[in-house]
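Worth knowing before you read on, the calculation uses all heavy atoms, side chains too, and leaves out hydrogens, waters and symmetry mates. Since this is a predicted model, take the numbers as computed values, not measurements.
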Amino acid sequence: MHRFALFLLVFVVACASTPRPVLDPRGGPNPGGAVHPDADYADAIPSPAVWAALAATPGRERLARTEVVKVIVDLDDHDRIYFLQSRRWEIHYFFAARFLSTALNPVEDHGAFNIREYRRPDRRFVLGTLMHQRDTDAWWYELVAGDTLDVPRTVRVFNAIRSRTWLGDRLRYHPVPPGHDDARADFVRAGVPVLSSDEIYAGMVYQPVNPGVAFGTLRIIDGPLDPTRVRRTDVLVLAHAPLDLPVCAGVITQEFQTPLSHLAILATNRGTADMGLRDALQHPTVRALDGRLVQLTVTPQGWTLVPATQADAERAWESMRPRSTSLPALSPTDPGLPELARLRR
């Protein structure tokens, strides 16, 4: 009896929570199957109905009328594919931590997860996004700009994903990571159709990611971003969209941002004005105001960047501060050095 109880305890601890599938197994994975939109994932997208149950259309999308589905490929589980319900699971990490972490194969904290799963060759997951632009009916799969996945494994993952959708050859690969665009010939030789950024962004100069108004000191960062030097009152102009960003006043990226990129989600959750602007680092208006106090206005139809006064900036910053604060009462007694284990928050 004791051994059975111990086995049951180990079994429960070792198992991750079970996500809810979009397709009812009783309905079968086919266009006529029972589709549950209030679910967590699908292991295939056999029809437009399943796509509709999974896809998110965030207001911060880099292209108008764009739908996205986040995809996780578990390399440790025979390349098992999870097409995430992306309105609920906007970031890969939260799905992986909730459903794919076990005692025998745990998912690390968010920071360690990002380093391993985007940059290390011994990663467990491949984290990408399926995208559909409705006006042009273009479909593609892409990785984030900072991903270092090699070309052979990218080909393998793309083919696995394509085989699990109804799109067939309509699905193409958009090479975003460093070196992948230069390796377009390698992808084509491997039978992977490539969709270039120029094809996606033809004629597109401005991308409203998160509309808003920001006051702060304009800082052009031509190179890697040092997060320790970012201030709350900075309006940053960046060549690339970083995986993470400390709190700042506003963001302009020269590289257009993916709809559910970490930067786009952070900006939306924080209420930070965020936009993409082609050739931002060389834009004459931007360069003329580098190092000066500015007002950045991001709207769905356009943007403005003008000098600001210190008084206007102070009023804007004051309006963003919490209206009430909670201060703990001061105790004049000296209890000696406290034990950390006994301290409350």
Side-chain angles (χ1 to χ4, degrees), residues 59-63 111 114-115 118-119 144-146 176-178 181 197-198 201 203-259 261-323:
R60 56 191 169 274
E61 60 200 37
R62 64 183 175 188
L63 296 171
N114 283 346
I115 293 173
Y118 288 107
R119 299 174 183 172
V144 300
V176 177
D181 192 49
S197 296
D198 289 341
Y201 301 121
M204 186 176 177
V205 175
Y206 166 64
Q207 174 203 25
V209 181
N210 191 54
V213 178
F215 286 85
T217 302
L218 191 72
R219 292 181 56 207
I220 297 178
I221 310 296
D222 188 4
L225 176 68
D226 181 357
T228 64
R229 303 189 65 181
V230 175
R231 297 170 297 183
R232 287 175 170 267
T233 55
D234 285 338
V235 174
L236 300 177
V237 184
L238 306 172
H240 304 287
L243 284 174
D244 198 8
L245 183 72
V247 174
C248 61
V251 181
I252 301 172
T253 61
Q254 182 167 265
E255 171 187 76
F256 286 165
Q257 301 168 37
T258 54
S261 70
H262 294 193
L263 174 58
I265 293 171
L266 287 172
T268 301
N269 290 342
R270 295 170 178 172
T272 304
D274 182 16
M275 60 177 272
L277 180 66
R278 194 183 297 278
D279 297 327
L281 274 64
Q282 288 76 41
H283 196 285
T285 300
V286 175
R287 296 192 67 84
L289 295 172
D290 186 25
R292 296 180 58 184
L293 192 61
V294 299
Q295 176 184 339
L296 170 67
T297 303
V298 179
T299 74
Q301 301 301 323
W303 63 282
T304 59
L305 186 68
V306 297
T309 66
Q310 187 70 34
D312 288 341
E314 292 287 355
R315 280 193 294 270
W317 297 333
E318 180 62 30
S319 69
M320 298 171 64
R321 294 189 176 98
R323 295 298 92 191

- [ ] Grab the two heavy atoms, one from Ala214 and one from Ala249, that are nearest each other, plus how far apart they are.
- [x] CB-O, 3.2 Å
TODO: Using the side-chain contact (heavy atoms from CB on, under 4.5 Å) rule, take Arg231 and Arg219 through it: C-alpha gap first, then chi angles, then the decisive distance, then the call.
DONE: CA-CA 10 Å; Arg231 297 170 297 183; Arg219 292 181 56 207; 4.0 Å; yes
TODO: Please round to the nearest 0.5 Å and tell me the distance separating atom CD1 of Ile252 and atom CG of Leu305.
DONE: 5.5 Å
Task: Heavy-atom side-chain proximity of Asp274 to Val298 below 4.5 angstrom - done: no
Open item on the list: Once rounded to the nearest 0.5 Å, what's the spacing between atom CG of Leu289 and atom OG1 of Thr217?
Closed with: 11.5 Å
Open item on the list: Using side-chain contact (heavy atoms from CB on, under 4.5 Å), reason through Leu225 and Val230 one step at a time and then give a plain yes or no.
Closed with: CA-CA 9 Å; Leu225 176 68; Val230 175; 3.9 Å; yes
Open item on the list: Quick check against the 3.5 Å criterion: does Glu255 have a side-chain atom that pairs as donor or acceptor with the backbone of Ala239?
Closed with: no
Open item on the list: Are the side chains of Pro242 and Leu238 in contact, using a 4.5 Å heavy-atom criterion?
Closed with: yes
Task: Nearest atoms (heavy-atom pairs only) where Leu236 meets Cys248 - done: CD1-SG, 4.2 Å
Task: Presence of salt bridge, Arg287 and Asp290, under 4.0 angstrom - done: no
Open item on the list: Please check if the number of heavy atoms outside Arg270 that lie under 6.0 Å from its CZ is greater than 12.
Closed with: yes
Task: Thr272 versus Gly250, closest heavy-atom pair with distance - done: CG2-CA, 3.7 Å
Open item on the list: For a quick check under 3.5 Å, do Asp226 and Thr228 share a side-chain donor-acceptor pair by atom type?
Closed with: yes
Open item on the list: Between Leu245 and Val251, does the side-chain contact (heavy atoms from CB on, under 4.5 Å) criterion hold? Intermediate values first, please.
Closed with: CA-CA 10 Å; Leu245 183 72; Val251 181; 3.5 Å; yes
TODO: Give the minimum heavy-atom separation between Ala313 and Leu293, together with the two atoms involved.
DONE: CB-CD2, 3.8 Å
TODO: List the atom of Val209, the atom of Gly276, and the distance in Å for their closest heavy-atom pair.
DONE: CG2-N, 4.2 Å
TODO: State, with a plain yes or no, whether a side-chain heavy atom of Thr268 is found less than 4.5 Å away from one of Leu266.
DONE: no
Open item on the list: Does Arg229 have more than 12 heavy atoms from other residues, nucleotides or ligands lying within 6.0 Å of its CZ?
Closed with: no
- [ ] Run the salt-bridge test on Glu318 and Arg315 with the 4.0 Å N-O cut-off and return the result as yes or no.
- [x] no
Open item on the list: Main chain of Asp312, side chain of Thr309: is a donor-acceptor contact present, judged purely on distance under 3.5 Å?
Closed with: yes
TODO: Check step by step if side-chain contact (heavy atoms from CB on, under 4.5 Å) holds for Gln254 and Gln282.
DONE: CA-CA 9 Å; Gln254 182 167 265; Gln282 288 76 41; 3.3 Å; yes
TODO: Determine yes or no for a side-chain-to-main-chain donor-acceptor pair under 3.5 angstrom, with His283 supplying the side chain and Thr285 the backbone.
DONE: yes
Task: Test item: Asp244 and Asn114 side chains (from C-beta on) under 4.5 Å apart, heavy atoms - done: no
TODO: Can you measure from CE (Met275) to CG (Leu296) and round to the nearest 0.5 angstrom?
DONE: 6.5 Å
Task: Donor-acceptor pair, side chain of Trp317 and main chain of Phe215, under 3.5 angstrom - done: yes
Task: Heavy-atom closest contact (Gly271 atom, Asn210 atom, distance) - done: C-ND2, 4.0 Å
Open item on the list: Looking at Gln257, is its backbone amide N or carbonyl O close enough to the side chain of Ser261 to form a donor-acceptor pair, meaning the two atoms are under 3.5 Å apart?
Closed with: no
TODO: Taking the side chain as every heavy atom from C-beta outward, state whether Leu218 and Val286 have any pair of such atoms under 4.5 Å apart.
DONE: yes
